[in-house]
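Structure first, then comments.
Quick note on labels: first sequence line is chain A, next is B, and so on, each numbered from 1.
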Amino acid sequence: MSVSPQAMHEALREPWHSLHRQRQGVSFGVWVFLASEVMFFSGVLLLYAMYRILYSDSFATAARESNIWFGTINTAVLLTSSLTMAVASEGARAGLRRLTLWCLLITALLGLTFLVIKGFEYREDITEHLIPGPHFKLPDPTAQIFWALYWLLTGVHAVHVTIIALVALFNFQAWRRLRQLTSPAFEGLALYWHLVDMVWIFLYPLIYLPGRSG
Amino acid sequence: MSGLQQEEPTTASAIWRSTIPVWLVLMALLTATLVLSYIPMGKFNTVSAIGIAVLKALVVALFFMHLKRPDPLLRLTGAAALLWLFFMFSLTLADVLQRLPPTQPGTVTPLEHGSMPSTGQRAF
């Protein structure tokens, strides 16, 4: 299969004169946005680093209360969704319709799986009284700081995962031929999804792994 | 994208062949970080956990986000984010890690609970 000049033309948008330039514009624009996302998340990660330096022992105790199985399985789910998203983006660029449609669908479903697993994990955390405040499970007040950061970081990350709605929309558009496969938007969406995966790559060792060997 | 003309895969099997090894490396690193976190290594548990996370992020950035392609614009944008990050972390930690107990006269000491010291325990 090859990409026809007609398909190239239909994916072209104002103000670009060529699809090549448009592709560069989309990638650059998304990367600038991703840079702002990196700074946003790292602000909270810096807070985490400072508190962990101050209260390293109680962070280890608090982190042991997290469920390693939910965390590890969800990491594998997200890493796999990054694979299917990368394949979908490459497939769209190469004009491979079936590959793109299937991989976008699987990506959206894996994202949904992540959220469902996260939901079960949240339910367990709530029943175990791991919400900072009165009746908190651990006696040490500084352990609550870890769990406050847990809810903040995983919560904000989960909001980012809801971008699967856009993945599903692009899948629908590609399926109904409302969006050309040559559209650089697939690459832009893929870049964003990989960032969501990358944020989790850092959250996983910071939330689930401290204190496991103790 | 820009710069040198890249040879990009055009068939489904070529795309899978170029992406599945990346995924296998990521899963191997996930297994490694999980196993290493249960082996008592003292402060090196933290080093290995964060080190492997950096490796995984690098693999994703280079292969899935295509930074291995010679596109200076995108590489610079990614590097710019890391530069601000470096400033923020180094300046903040330079303060937090070096803090001494408040000894100057007139220093307002923060409220201190028994288990909450106002200075660092030096995790690293």
May I have the list of side-chain donor-acceptor pairs in residues 198-207 of chain A shorter than 3.5 Å, sequence neighbours left out?
from, atom 1, to, atom 2, distance (Å)
A:W200, NE1, A:T75, OG1, 3.0
A:Y204, OH, A:T72, OG1, 2.9

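- Of all the heavy atoms in B:S37 and A:R212, the pair that sits closest is O-CB, 3.4 Å.
- Taking CZ from B:F64 and CG from A:L191, the interatomic distance works out to 12.5 Å, rounded to the nearest 0.5 Å.
- Neither the backbone nor the side chain of B:S18 comes within contact range of chain A; no heavy atoms are under 4.5 Å apart.
- Interface remark: B:L85 contributes side-chain atoms only to the contact with chain A (heavy atom separation under 4.5 Å).
- Here the closest heavy-atom approach between residue A:S213 and residue B:N45 is recorded as OG-OD1, 3.1 Å.
- Other residues, nucleotides and ligands place no more than 12 heavy atoms under 6.0 Å from the CZ atom of A:F120.
- Neither the backbone nor the side chain of B:L24 comes within less than 4.5 Å of any heavy atom of chain A.
- Screening residues 82-92 of chain A for salt bridge (charged side-chain N to carboxylate O under 4.0 Å, His left out), with sequence neighbours left out, gives A:E90-A:R93, A:E90-B:R69.
- Interface remark: B:L76 contributes no atoms to any contact with chain A (heavy atom separation under 4.5 Å).
- For B:A57, the parts lying under 4.5 angstrom from a heavy atom of chain A are both the backbone and the side chain.
- Heavy-atom distances place the side chain of B:T92, and not its backbone, under 4.5 Å from chain A.
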